[in-house]
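In this text the structure is predicted, and so the values were computed from the model without any measurement. Below, each value reflects all heavy atoms present in this structure, side chains not excepted, and no hydrogens, waters or symmetry copies.
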Amino acid sequence: MLRRACTSLRSIKITQGYCAALSRCYSDVATEATFELKPFKLHKIDDALPTETTVTRDDALRYYEQMQTIRRMETAAGNLYKEKQVRGFCHLYSGQEACCVGMKASLLSDDAVITAYRAHGWTYMMGVSPHAVLAELTGRKTGCAHGKGGSMHMYAPNFYGGNGIVGAQVPLGAGIAFAQKYNETKNLTVAAYGDGAANQGQVFEAYNIAKLWDLPVIFVCENNHFGMGTSVDRASACTDYYTRGDYIPGVWADGMDVLTIREATKYCADWCRSGKGPILLEVSTYRYHGHSLSDPGTSYRTREEIQEVRQTRDPIAQFRQKIISENLAEEAELKKIDQTVRKEIDEAVKKAKTDPELPNEELFSDIFVRQSGLKVRSCDPDIMIQT
């Protein structure tokens, strides 16, 4: 009976329910385990952050599945780009999966997130299916923005997108947090940016107004240690990004450990929800590919460096080993998750290649949230273009 039950799970899509179903098939594994966290660094914070955390088996399987889905989806995106199915820019999140997975685990479903152009992983975590992400990349009608946004501009409920202007999402995130405070929603905003954007002047302007008004925003620097082609040491006089809010408290966390990120985000979220205002969170991570797919990523760092990170610090491999060693999962069931994820992404790629494109008459639609009755110059034939 147990064998039949496990076999029937092969056709079930990976979801929280799927992970729970897997748990019932492996009755001899642990239901939860305690793990030591990577050390934190703190700025203007007197509290002691936790040194260990407990994770349930269901949560562990879910985090593993989410990270694997993002990794496989990004690999597919890279292949589609090489096939010229994806045009324009394409910035991959491979290597940084623990960041968005760990952060989302400590957010409420209606908290807001806004990020930069490396947005595919965050888009998936905010509720968009891999198919809708890949269809958006290939310019299809079934994409999350009807194929109009592409790699940089993906959106979902409470997800305000990737943004193409470097650092622009930081003041926008402060604005979203202002709306949350004004409307007394008790929610918060995650405004994520990279180490390159951290030197933008608008970032510091956003810090100032957020602290002045005590806005509920977590400013997250996803520090992958390279801007477009320059290491942080060559671009920043101060590379301790978690301290650069000055009067805003900050936390540094290892961005390659999903549980460490989860606990750091939980602390930051509690800080914001308690009315203390903004907080900075720097997550130290690493991108395996170039800045975008037009950048080979090896002119300013060696292939050996990338390979070393993959072998010693990969967020998925580390987590896989952890949960197996603590008897939260067995090798066989993780392989089943891998196979199911691979099948889902392969099917999403097929659809993304063959789904219909938008007709030409849709070029000027979706300009406004509620467009009914509105006229747009040069888009509507009864409005003359004024020169």
Side-chain angles (χ1 to χ4, degrees), residues 35-41 60 63-64 66-79 81-82 90-103 116 118 120-121 192-198 220-236 238-242 251-264 281-326 329 331 334-335 338 341-342:
F35 295 95
E36 184 176 346
L37 298 174
K38 300 293 179 65
F40 299 105
K41 300 176 188 176
Y63 303 156
Y64 178 80
Q66 289 169 336
M67 289 193 289
Q68 278 287 37
T69 299
I70 295 170
R71 177 69 59 84
R72 178 69 59 172
M73 181 177 70
E74 293 295 66
T75 299
N79 291 335
Y81 185 90
K82 293 170 186 174
C90 188
H91 302 80
L92 300 184
Y93 205 66
S94 304
Q96 300 183 211
E97 297 88 354
C99 299
C100 63
V101 172
M103 281 187 265
R118 202 176 305 282
H120 308 162
Y193 55 98
D195 49 275
V220 178
C221 179
E222 291 186 289
N223 179 8
N224 59 32
H225 298 278
F226 294 94
M228 186 174 289
T230 307
S231 68
V232 294
D233 294 326
R234 294 180 60 210
S236 299
C238 173
T239 58
D240 292 328
Y241 295 102
Y242 69 103
V251 178
W252 180 96
D254 188 328
M256 305 298 269
D257 186 277
V258 66
L259 298 181
T260 296
I261 294 300
R262 185 187 72 170
E263 294 308 307
L281 172 60
E282 177 188 348
V283 291
S284 179
T285 183
Y286 197 86
R287 58 171 166 82
Y288 291 158
H289 298 282
H291 174 72
S292 72
L293 284 177
S294 60
D295 163 30
T298 54
S299 60
Y300 48 86
R301 59 181 181 174
T302 64
R303 287 183 172 85
E304 289 74 20
E305 175 184 319
I306 301 168
Q307 191 62 27
E308 182 184 3
V309 175
R310 281 183 177 273
Q311 291 175 352
T312 62
R313 296 179 56 217
D314 183 80
I316 301 174
Q318 283 190 103
F319 191 63
R320 183 189 186 101
Q321 185 57 42
K322 276 185 177 182
I323 61 179
I324 290 175
S325 65
E326 292 298 323
E331 186 75 35
L334 295 183
K335 285 183 178 179
D338 296 345
V341 167
R342 185 180 299 112

- How are the rings of Tyr300 and Phe226 set relative to one another: parallel (under 30°), tilted (30 to 60°) or perpendicular (over 60°)? tilted
Atom pair [atom1] ([X]) and [atom2] ([Y]), whose distance is rounded to the nearest 0.5 Å:
X: Gln307; Y: Thr302; atom1: CD; atom2: OG1; answer: 10.5 Å
X: Arg342; Y: Gln68; atom1: CZ; atom2: CD; answer: 8.5 Å
X: Arg71; Y: Leu92; atom1: CZ; atom2: CG; answer: 11.0 Å
X: Lys82; Y: Cys90; atom1: NZ; atom2: SG; answer: 10.5 Å
X: Gln321; Y: Ile316; atom1: CD; atom2: CD1; answer: 14.5 Å
X: Phe319; Y: Leu334; atom1: CZ; atom2: CG; answer: 9.5 Å

Mark yes or no for whether [X], through its side chain, and [Y], through its backbone, hold a donor-acceptor pair below 3.5 Å.
X: Gln96; Y: Thr285; value: no
X: Glu305; Y: Arg303; value: no
X: Thr260; Y: Asp254; value: no
X: Gln318; Y: Arg313; value: yes
X: Asp195; Y: Cys221; value: no

Would you call [X] and [Y] a side-chain contact if the rule is heavy atoms closer than 4.5 Å?
X: Val309; Y: Arg301; value: no
X: Tyr63; Y: Ile323; value: no
X: Glu74; Y: His289; value: no
X: Phe35; Y: Glu263; value: no

How close do [X] and [Y] get, counting heavy atoms only, and between which atoms?
X: Tyr286; Y: Met256; result: N-SD, 3.8 Å
X: Trp252; Y: Pro39; result: CZ3-O, 3.5 Å
X: Met67; Y: Pro315; result: CE-O, 4.0 Å
X: Leu281; Y: Ala253; result: CD1-CB, 4.3 Å
X: Val283; Y: Ile261; result: CG1-CD1, 3.1 Å
X: His120; Y: His91; result: CE1-O, 3.5 Å

- Message: Within the 3.5 Å criterion, strictly below it, is a donor on His225 or Ser284 matched to an acceptor on the partner's side chain?
- Response: yes
- Query: In terms of side-chain geometry, is the basic nitrogen of Glu331 or Arg320 positioned less than 4.0 Å from the acidic oxygen of its partner?
  - Reply: yes
- Query: Does the distance from a Lys or Arg side-chain N to an Asp or Glu carboxylate O, for Asp257 and Lys322, drop under 4.0 Å?
  - Reply: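 Yes.
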- Task: Verify the neighbour count for atom CD of Glu36: are there more than 12 heavy atoms of other residues, nucleotides or ligands below 6.0 Å?
- Result: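 No, not enclosed.
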- Just do the side chain to side chain contact (heavy atoms under 4.5 Å, CB included) check on Gln66 and Val258 with the steps written out, would you? CA-CA 11 Å; Gln66 289 169 336; Val258 66; over 6 Å; no
- Would you sort out whether Tyr93 and Glu222 count as a side-chain hydrogen bond (donor to acceptor under 3.5 Å, both in side chains), showing the intermediate values? CA-CA 11 Å; Tyr93 205 66; Glu222 291 186 289; 2.4 Å; yes
